Amino acid sequence: MAEKFLEVKNISKSFAGVHALDDVSFEVRKGEIHCLVGENGSGKSTMIKIIAGVYEPDEGEIIISGKSYKRLHPIDTIREGIQIIYQDFSLFPNFTVAENIALNKQLSENRKFFHKKEAQQVARAALESINIKMDLDSLVGTMSVADKQLIAISRALLQDAKLIIMDEPTTALTGREVKSLFKVINDLKARGISTMFVSHKLNEVLEIADRTMVFRNGKKIIDADAKEFDQSKMVYYMTGRKIESDSYDFGDQNKSGTPLLSLNNLSSTGRFKDVSFDLYKQEVIGVTGLLGSGRTELALALFGINPADKGSIQIEGKAVKINNPQDALKHGIGYVPEDRLTEGLFLEHSIGNNIVVSIVNKLLSKIGLIDKNTKQKEIDTWVKDLSIKTDSADNPAKSLSGGNQQRVVLAKWLASNPRMLILNGPTVGVDIGSKSELHEIIKRLAGEGLGVLVMSDDIPELLHICNRILLMRGGKIVDEFQASQITENELAEKLAEG
Ligand code: ADP
Ligand code: MG
């Protein structure tokens, strides 16, 4: 085993009574990729700031290369070879790439003047050392997030970094950029440089980590070889709750009788073609496919936003036309859009008004006034039923977390007593814990008789909440799976084919 570089021992830190960190200990070895995961507020950033010398711990010590510190000052941290890459990268937007990379080095050498030519050479070498080519004269302010990150890493290396700590480094990166960042991290590892990678994106952690630790409520819950973890274990450690990973048990006996929804060669020119399937009461069907496969277009057609132009739709055996959202509502179809912030909610309005917006008619008295008591009862019912976390339903919808906003969108549709819900990316941008609660809600609603279509490319989600999964490619359904009979990896491969 490689030798220890950093040792954190029994660190505690409180802010005005809040235990941000409670007796945390761990080690980072030379050349190790050490991942720190935890939900928002679990103490990750506080830990980093203590290592950075920004916060003084209440208790404990930190040992770097054998030297013990009761508290670190930023200068100690840097001298010991620890560099922290914050989310804003602390770069100077009006300076060039070369200046940003070389400036700290020249400053730390107490130079009076900035040597432009030398800066160019230094910066080029630093970038080359991580196999990156970049125009050294570009202004950093004009560059992509991914490039800024590489500049920050190069700069860190110039300060003789032995450990680079990255706080949520992939938040604003595309899939390709994440891959190239991972390549850089692996190259650093080959050079004996350690990385501490802080994230709440589990798939990334599963891919990159040598060692993984999980924080929850300021405590280190587990710290083990990365091989010991899989997605569901990690979720368990993060949330403290066992999250069932079985697929939704629909029970084929429910398939007798008339389907709730029947599509026959439904087509929409240029969008999707010859889509046929049946959805039964209590069934949860996943529709997956890559971007542009037609899954969102299908959802929009079924809700009447972009109506289909060929084929037929039957609801409980009767042919219907869905030419606009009013038609969809009339037939009991609810739609939870992908982008709830712009399509699903009135953010400035109260949580309560968002919930009842689609049933205002039902709340009107004979003389056209809204019945306040009925309205409040309706709101209270849904806040309770979907466990929407708020002090008051009079607060604006924008005061809620992503997961709770999504519950308000669901409540809005459920209040209208639909037969069927179409959920487009139901948990995009939602915290892990809240995500699994939403999943349980969706399964419960289906169990109570609703038919559900889930448009998603989140594979664990599909396998967890659906009984059946349809795969779309180029606007057509090209495959179908029983969720209980396919693994995450198999489905991922099917999705990527094409
Ligand atoms: P994470 O990075 O895992 O999201 P943080 O370390 O930022 O978590 O926060 C841990 C806890 O400490 C949270 O409850 C947070 O509200 C609290 N906290 C963090 N920094 C401060 C601060 N400067 N003042 C008061 N409370 C803080
Ligand atoms: Mg943080």
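Numbering starts at 1 and runs along the sequence shown. Predicted model, so just to flag it, every value in this text is computed and none were measured. Computed from heavy atoms alone, side chains included, the values below leave out hydrogens, waters and symmetry copies. Atoms within each ligand, like the ligands themselves, are counted from 1 in listed order.
- Under a 4.0 Å N-O distance rule, the pair Lys49/Asp167 does not qualify as a salt bridge.
- Between Gly43 and ligand 1, a contact under 3.5 Å exists for at least one N or O pair.
- Close approach of ligand 1 to Glu39 (heavy-atom distance below 4.0 Å) involves ligand atoms 3 (O).
- Protein heavy atoms are absent from the 4.0 Å sphere centred on atom 16 (O) of ligand 1.
- Geometrically, Lys13 engages Tyr55 in a cation-pi contact, judged by NZ or CZ lying under 6.0 Å from the ring centre and within 45° of the ring axis.
- Checking only distances, Ala20 never comes within under 3.5 Å of ligand 1, N or O to N or O.
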*Determine, stepwise, if the pair Glu32 / Phe5 fulfils side chain to side chain contact (heavy atoms under 4.5 Å, CB included).*
CA-CA 9 Å; Glu32 180 176 74; Phe5 171 67; over 6 Å; no
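- The shortest contact between atom 13 (C) of ligand 1 and any protein heavy atom is with Gly41 O, 3.8 Å.
- Heavy atoms of Tyr55 come nearer than 4.0 angstrom to ligand 1 in at least one pair.
- Scanning both residues, Leu347 and Pro396, for their nearest heavy atoms gives O-CB, 3.8 Å.
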_Step-by-step salt bridge (charged side-chain N to carboxylate O under 4.0 Å, His left out) determination, Glu39 to Arg216_ = CA-CA 7 Å; Glu39 295 206 90; Arg216 184 192 334 139; over 6 Å; no
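- One side chain, Glu461 or Thr427, offers a donor N or O that lies under 3.5 Å from an acceptor on the other.
- Classified by interplanar angle (parallel below 30°, tilted 30° to 60°, perpendicular above 60°), the ring pair Tyr237/Phe229 is perpendicular.
- Among all protein heavy atoms, the one lying closest to atom 5 (P) of ligand 1 is Thr46 OG1, 3.6 Å.
- For residue Asn40, no N/O/S atom approaches the Mg ion (ligand 2) to within less than 2.8 Å.
- When only non-hydrogen protein atoms are considered, atom 14 (O) of ligand 1 lies nearest to Val18 CG1, 3.8 Å.
- Taking every heavy atom of Asn40 and a limit of under 4.0 angstrom, the matching atoms of ligand 1 come to 4 (O).
- For the ligand labelled ligand 1, residue Lys49 lies outside the 4.0 Å heavy-atom shell.
- If you number the atoms of ligand 1 from 1 as listed, the ones under 4.0 Å from a heavy atom of Ser42 come out as 1 (P), 3 (O), 8 (O).
- Looking from atom 27 (C) of ligand 1 to the surrounding protein, the closest heavy atom is Phe15 CD1, 3.3 Å.
- Atoms of ligand 1 lying under 4.0 Å from at least one heavy atom of Ser45, given by number and element, are 1 (P), 2 (O), 6 (O), 7 (O).
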